Amino acid sequence: MSLAAILVTAIFTQNFILSKFLGICPFLGVSKKLNTATGMSLAVIFVMVLSTAVTYPINLLLKANDMEYLQTIVFILVIAALVQLVEIVLKKYIPSLYNSLGIYLPLITTNCAVLGVVLLNIDNGYNFIQSMFNSLGAGLGFLLAMVMFAGVRERLESCKVPKFLEGLPITLVAASLVSLSFLGFAGLVEGIFG
């Protein structure tokens, strides 16, 4: 598979939020405002790409020593360390974003999308460069989904919604419609790169 195909597929057809349904917690929790959704997504992109770069050689060491059973534990520790780094940097240089992300920033550690991209790179048998492109695409797909949904949610606040749909119900309906909109990309990507 070409690098362009890996990137486009990760963004559109294999979108972690909208097709794999990974990373739903920040998707629903942080997507109320566009700037917060963008900041969270940039932090997730950074953690995804950097965690792939760090865990790829670690995985080679684990395979060489027949210790593949430790992958999940080691990868979670690496991701947790990288999230702490992001948290420190945001607290020092962008305190407004740090404060607006609140509890969702440390939750990147347990964000299954971040761990999922690292494990799927291994399962798909990607080499280092392919893994990096897949991670970048997954992060950009995360950003795209978050920004789109933040726009939808901002519009929903100015709309008159029936009383029984206010709050979480209309949010879930809107999320499902945004998710459905991405189904159309499957044929397009297969037609271009297939």
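We number each residue from 1, following the sequence as shown. The shown structure was predicted, so the numbers you read here are calculated from the model rather than taken from an experiment.
Take Lys160 and apply the salt bridge (Lys or Arg N to Asp or Glu O under 4.0 Å) test, not counting sequence neighbours, and it matches no residue. By the side chain to side chain contact (heavy atoms under 4.5 Å, CB included) test, Leu28 is found to be paired with Ile24, Phe149, Thr171, Leu172, residues two or more places apart in sequence or in another chain being considered. Residues satisfying the side chain to side chain donor-acceptor pair (under 3.5 Å) criterion with Gln71, sequence neighbours excluded, are Asn59. For Glu154, there are no salt bridge (Lys or Arg N to Asp or Glu O under 4.0 Å) partners at least two apart in sequence or on another chain.
Sorted by first then second residue, the side-chain hydrogen bond (donor to acceptor under 3.5 Å, both in side chains) pairs that include residues 15-29, not counting sequence neighbours, are Gln14-Lys20.
Taking the side chain as every heavy atom from C-beta outward, Tyr126 and Ile6 approach each other to under 4.5 Å. For the pair Val117 and Phe16, the minimum side-chain heavy-atom distance is below 4.5 Å. Residues Met148 and Ser31 fail the side-chain proximity criterion, which asks for heavy atoms closer than 4.5 Å.
To the nearest 0.5 angstrom, Ile79 atom CD1 is 5.0 Å from Ser51 atom OG. For the atom pair CZ (Phe128) and CZ (Phe133), the distance works out to 11.5 Å, reported to the nearest 0.5 Å. Note that OG1 of Thr72 and CG of Leu77 are 11.0 Å apart. Values are rounded to the nearest 0.5 Å. Residue Thr52 holds its OG1 atom at 9.0 Å from CD1 of Ile122, rounded to the nearest 0.5 Å.
The backbone N or O of Ala5 sits less than 3.5 Å from a side-chain atom of Ser2, completing a donor-acceptor pair. A side-chain donor-acceptor contact under 3.5 Å links Asn127 to the backbone of Ile129. Side chain of Ser179 to main chain of Ala175: no donor-acceptor pair is present (N/O by atom type, distance under 3.5 Å, no hydrogens or angles).
Cluster annotation: Tyr93 is connected to Val86 through the hydrophobic network of ILVMFWY side chains, with a link wherever side-chain heavy atoms come within less than 4.5 Å. In the hydrophobic cluster analysis, where Ile, Leu, Val, Met, Phe, Trp and Tyr join through side-chain heavy atoms closer than 4.5 angstrom, Leu165 is grouped together with Leu168. The cluster map of Ile, Leu, Val, Met, Phe, Trp and Tyr, joined by side-chain heavy atoms under 4.5 Å apart, puts Val74 and Tyr69 in the same cluster. Under a hydrophobic clustering in which Ile, Leu, Val, Met, Phe, Trp and Tyr are joined whenever their side-chain heavy atoms come within less than 4.5 Å, directly or via other members, Ile88 and Tyr98 fall into different clusters.
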Quick one: side chains of residues 36-48, donor-acceptor pairs under 3.5 Å with protein atoms, not counting sequence neighbours, listed by atom name and distance.
{"from": "Thr38", "atom 1": "OG1", "to": "Leu34", "atom 2": "O", "distance (Å)": "2.8"}
{"from": "Ser41", "atom 1": "OG", "to": "Ala37", "atom 2": "O", "distance (Å)": "2.7"}

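Nearest approach of Ala10 to Ala138, heavy atoms of both residues: CB-N, 3.6 Å. Considering every non-hydrogen atom in both Phe142 and Gly23, the closest pair reads CE1-O, 4.2 Å.
Each of Asn124, Thr9, Asn121 was checked for a side-chain hydrogen bond (donor to acceptor under 3.5 Å, both in side chains) with Asn134, and the lone residue meeting it is Asn121. The side chain to side chain contact (heavy atoms under 4.5 Å, CB included) test with Ile76 is passed by exactly one of Val114, Val118, Leu115: Leu115. Among Ile11, Ile17, Leu18, the one residue that satisfies the side chain to side chain contact (heavy atoms under 4.5 Å, CB included) test with Leu144 is Ile11.
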